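Remarks on the structure that follows.
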Amino acid sequence: MTSSPSAGTAPHGFPAADALAPSRPQANVRRDGATGLARLSFLIPTIYIIFLLLPIYWLGTMSLKTNQEILGAFTLWPTNPTLANYRVIFTDPSWYNGYINSIIYVALNTVISVSVALPAAYAFSRYRFLGDKHLFFWLLTNRMAPPAVFALPFFQLYSSFGLIDTHIAVAIAHCLFNVPLAVWILEGFMSGVPKEIDETAYIDGYSFPRFFVKIFMPLIASGIGVAAFFCFMFSWVELLIARTLTTTAAKPIAATMTRTVSASGMDWGVLAAAGILTIIPGALVIWFVRNYIAKGFALGRV
Amino acid sequence: MTLSWMAWTWPTAIFFITIFGLLIGMGVWEYAVPGGSPRVGILRFETTRGDRLFVSLLGSAFICLFWLGLVGPSLWWALALCLGYALCVFRWV
Amino acid sequence: MEKTWNNKAWFMVLPVLLLVAFSAVIPLMTVVNYSVQDTFGNNEFFWAGTEWFEEVLASERFHDALFRNLAFSLIILAIEVPLGIAIALAMPRSGFWVPVCLVLMALPLLIPWNVVGTIWQVFGRADIGLLGHTLAYLGIPYNYTQDPVAAWITVIVMDVWHWTSLVVLLCYAGLVSIPEAYYQAAKIDGASRWSVFRYIQLPKMHRVLLIAVLLRFMDSFMIYTEPFVVTGGGPGNSTTFLSIDLVKMAIGQFDLGPAAAMSIVYFLIVLALSWVFYTVMTNYGQDER
Amino acid sequence: MSRITLDHIAHSYLPSPKTEADFALKEVHQVWEDGSAYALLGPSGCGKTTLLNIISGLITPSHGRVVFGERDVTLLPTEARNIAQVFQFPVIYDTMTVAENLAFPLKNRKVPQAEIDRRVAETIEMLGLGPMARRKARGLTADQKQKISLGRGLVRSDVNAILFDEPLTVIDPHMKWQLRSQLKQLHRRYGFTMVYVTHDQTEALTFADKVVVMYAGEVVQVGTPAELFERPKHTFVGYFIGSPGMNVLPAEVAGDRAVVGGHAVALGQHYRPQPGRTEIGVRPEFVRLDDGAGSLPISVRSVEDIGRYRILRGAIGPHELNAVLPEGRAIPASPRVVFDPARVNVYRDAHLVEAEA
């Protein structure tokens, strides 16, 4: 039992903070049942993150070493850090064009995917129509179809349209798996918006396009962001189709990396530098959407 | 633009025409009798006509594959089996 | 939400339909056409009937690749799903560290797949890689270019490295959506930590877990780039998965017919499994209403 | 079941609160009787959930002690306090059946199986959940789910109190009424101590023996529904309870008279002149139409016909004044009203002033 608090405070009065504090030291702690074990639980994610970062760190150090240093004595960090490898990439057009190509087709793909997915997701979330459920499943199967199955006919299809080695070809081909995903994510977010909002807007005299752009899209802005992020992500990391559909003019950076095998053996330093450079755009994009990541992975539905 | 690389043959053309015909047929059926007559069959969850068609087609594909792998190249009996299977699916699933 | 019946909604879906059909239906039909014919290039085709299917179905090579793929997918799921759940459970629910953790964890997901392969190819080498060098220093025999077991371990560890974060993020998203009241009620009911997991967290994560299992199964079943870069399918054929074999056959050897037949069998398997997962997923959701 | 003593409880979420505004819950000193039903009533953000969480042990108050019976539980965690709680949204274990849900708290406390079966059967019968005992709890309706969460408390014999945190929020209106009366019945029969948080006055008044009205982190009055109605201790109580709420008019009070906007109003008792801001409060029910001596002119804004009576919404000068009038008497074009002198309360700085003896 603690000592009884000071008497004589007014009925609605308010005891001075220090009058009661001595009898209840450190009482203002929320109890979460944090046992000793629970306090150590941060170790699991920490170890996991170290595991994730080690290989990336290794690539990073390699990119700052010369080939002699890489193949010579084994060191945990570069003894003579050099930016020479990066200089090679930024001065050679066939290297940095790979970057520009990747960014162009990824951006194109993101824009196309999200803009066609928006009306479709709206239709799926608001209406029932002939064959809707089967259509939805069919879209999803494309997300699941192995790209290796399609590689060759893809090449021929796009050649017969004269699209080989263009950015738009890769952008459209990536729609195969990005559009279904975007529809899926957006449908989840849209279903969270009450239908009454649509009806109120129509009563207020909004036309459908104006309602969609002015009222509805701001409401699901985070959903659009999440969908765009996923489209960016899957278009950026995909290589098989991108490589099949390009030769030189639209060749992605990831495909350019195979060039480092030369007569004199592997150019490890440049390869590592190119690898690090392909990680950076992804890292930047994650940083921008960090507050939506958890929500996005729930696909707006949980 | 040439599409000769698609290498159409009559059997595959007939195959795809049949599939599209089935899809259109289902569409017309759905238009005439909307709702897809959902019911809970032996798989213990709700299926509609479209689901049953999908299960029949996918199942038939596997029946043909097994037939080719285990029995032999003549698929006529396999097709008959598929038809029987599809009827069962439409009846009980 | 009650949806209204409106067939005009088709017009909103039409762009998606055309765009996806262009990239999906035409190649699919082409693959079917190839699968019943033989070609020597030059757009000349000869009727082959079901020959390629019989060949593929009877082929040791296909069976092995299929078995390897299934084994790989099951191992991946058995490691990544429990690990992902454990990490998600151990993560803080709020505070400064949450976005930092999430960003760092999401990082491997945004690395191009061949770069992932390159990272591990380098990392595992005994001469220039940290992992290979350390293992060699400790006297543990490890050489993924010679030893099939080492190659398998490398490919699996690489996949765990690459994709566990997806499971973590999905589970984490499921966990943070559980209202605080559930934990309070469990405390009042005197539930143990295990009961909280078993009766509150796991049921509430059910949906996202299914998505995780679905995505991980499908992606690991069609894995191509990463093992191709690291091992090239070797040593021998020990890490030759279906996709690798398919690309080898179609592009390397230009055996279009068998490759197409194999694609179709492969695609049918994926389709059947997808359908099962999708059905389970949607029907679980309906149960709740 | 036991008595709950809130011994000079106060709570601030800040580490070192300086002024009164830093406190989410200002000092409360109350003893809640064993077996009674208490309702915590107030608008959102008034501190009622903070107080409930202090009782349930989710929050440790920064000042004062919580005592159950004779036992100081201030520092005990929730699970050691032997309380039960029903939350705003039904909290049930989805994957278990109804019976398993009810058995869960007993199983966790290692109660023998035979005892569990007996008590679960009893509780199921008590709540009328018999027909669905073997069903998965997931598929039930919201009111059935709330019954299950209540049942998880009732099934335990050692519960000190059952806490309800706005438990009817997600229930359909017609089920709300039914569930509320069922709850009241259960309380009468089994006599558990009950603390019920709500912002709905009807719920609180029909339900509780004592209503604790909270406003801006402060307990402004504890009383029976009748007391709250007749002698609101704070103008907020008068305004919050009753529909429409009490009329509050600024007035100068001297002796047994108050002056409102230049008009004298008779008071039932004698008051000392009050310093500060003085107001009189009178319920619309005690405002009559009368154009005799001492009446006040009222401008009519609207008249609402409720059925059994009419509500006249008007104003005296700039101040709103409502009156509840019987059916069937015409309202004159420029009506005048009088107040029932015995029912007029005097407030200083929003708090009730006692009359001189």
Side-chain angles (χ1 to χ4, degrees), chain A residues 41 44-45 48-49 52 55 58-59 70-71 74 116-117 119-120 122-123 126-130 135 137 139 141-142 144-146 148-154 157 172-173 175-176 179 183 191 195 233 236-237 239-240 254 268 271 275 278-279 282-283 286-287 290-291 293-295 297-298 302, chain C residues 1 3-7 9-10 12-13 15-16 19-20 23-24 26-27 30-31 86-87 90-91 99 101-104 106-115 118-119 123 128 130 133 161 169-170 172-174 176-177 207-208 218 222 224-225 243 246-247 250 263 266-267 270-271 274 278:
Chain A
S41 71
I44 300 175
Y48 176 67
I49 287 173
L52 292 185
W58 194 247
L59 197 73
I70 293 168
L71 294 168
F74 191 87
V116 298
Y122 184 80
R126 290 294 192 262
Y127 302 116
R128 297 240 33 221
F129 49 94
L130 202 60
L135 197 63
F137 175 69
L139 281 176
T141 58
N142 290 306
M144 294 152 186
V149 172
F150 292 113
L152 192 69
F154 255 52
L157 176 66
I172 288 176
C175 284
L176 181 66
V179 166
V183 172
S191 296
K195 210 175 170 176
M233 163 174 160
W236 180 257
V237 297
L239 178 71
L240 189 64
W268 292 112
L271 181 77
T278 61
I279 297 175
I286 310 175
W287 184 253
R290 65 188 181 281
N291 295 324
I293 289 181
K295 208 174 155 192
F297 274 88
V302 172
Chain C
M1 184 173 357
K3 297 179 188 175
T4 40
W5 191 272
N6 182 357
N7 276 328
W10 258 98
M12 295 173 141
V13 188
V16 164
L19 194 66
V20 177
S23 300
I26 297 175
T30 312
V31 171
I87 293 166
M91 275 198 27
C101 276
L102 291 177
V103 167
L104 290 177
L107 201 54
L109 299 173
L110 272 140
I111 300 177
W113 293 347
N114 66 323
V115 178
T118 306
I119 288 175
F123 198 58
I128 58 168
L130 184 61
H133 192 85
W161 180 84
L169 295 175
L170 277 164
Y172 184 72
V176 291
S177 71
R207 228 196 91 84
V208 274
M218 295 309 143
M222 56 174 122
Y224 169 77
T225 312
S243 291
L246 199 62
V247 173
S263 299
Y266 185 10
F267 185 65
V270 174
L271 193 61
S274 313
Y278 183 76

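Please read all numbers here as calculations on a predicted model, not as lab measurements. A note on names: the letters A, B, ... follow the listed sequences, proteins ahead of strands, and every chain is numbered from 1.
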Requested in this report: Among the options A:Gly282, A:Ala117, A:Pro55, A:Ala120, pick out the one with the most heavy-atom pairs lying under 4.5 Å from chain C.
Outcome: A:Pro55
Report summary line: When rounded to the nearest 0.5 Å, the distance separating OG1 of A:Thr141 from CZ of C:Phe267 is 5.5 Å
Query raised in the report: Can you say whether C:Met218 sits under 4.5 Å from chain A via the side chain, the backbone, both, or neither, judging by heavy atoms?
Result: side chain
Query raised in the report: For chain C, which of A:Leu52, A:Leu157, A:Ile44 has the most heavy-atom pairs under 4.5 Å?
Result: A:Leu52
Query raised in the report: Measuring heavy-atom distances to chain A, does C:Val270 have an atom under 4.5 Å in its side chain, in its backbone, in both, or in neither?
Result: side chain
Report summary line: So CG of C:Asn6 and CE of C:Met12: to nearest 0.5 Å the spacing works out to 8.5 Å
Report summary line: Most heavy-atom pairs under 4.5 Å with chain A, out of C:Leu271, C:Thr30, C:Ile87, belong to C:Ile87
**Report entry** Part of A:Ile286 lying under 4.5 Å from any heavy atom of chain C
**Finding:** both
Query raised in the report: Between the side chain of A:Trp236 and the main-chain N/O of A:Thr278, is any donor-acceptor distance below 3.5 Å?
Result: yes
Report task. State, yes or no, whether a side-chain contact exists between A:Ile49 and C:Cys101 at a heavy-atom distance under 4.5 Å. Result -> yes
Query raised in the report: Side chain, backbone, both or neither: which part of C:Ser243 has a non-hydrogen atom closer than 4.5 Å to chain A?
Result: both
Query - Partner set under side chain to side chain contact (heavy atoms under 4.5 Å, CB included) for A:Leu130, not counting sequence neighbours - result: B:Glu30, C:Asn7, C:Trp10
Report summary line: So, the part of C:Val247 with a heavy atom under 4.5 Å from chain A: the answer is side chain
Query raised in the report: With a 4.5 angstrom heavy-atom cut-off, which part of A:Ala173 approaches chain C: side chain, backbone, both or neither?
Result: backbone
**Report entry** Under 4.5 Å from any heavy atom of chain A - which part of C:Ile128
**Finding:** both
Requested in this report: Calculate, to the nearest 0.5 Å, the distance between atoms OG1 and CG belonging to C:Thr225 and A:Leu239 respectively.
Outcome: 5.5 Å
Query - Listed partners of A:Tyr48 passing ring pair (Phe, Tyr, Trp, His ring centres under 6.0 Å), at least two apart - result: none
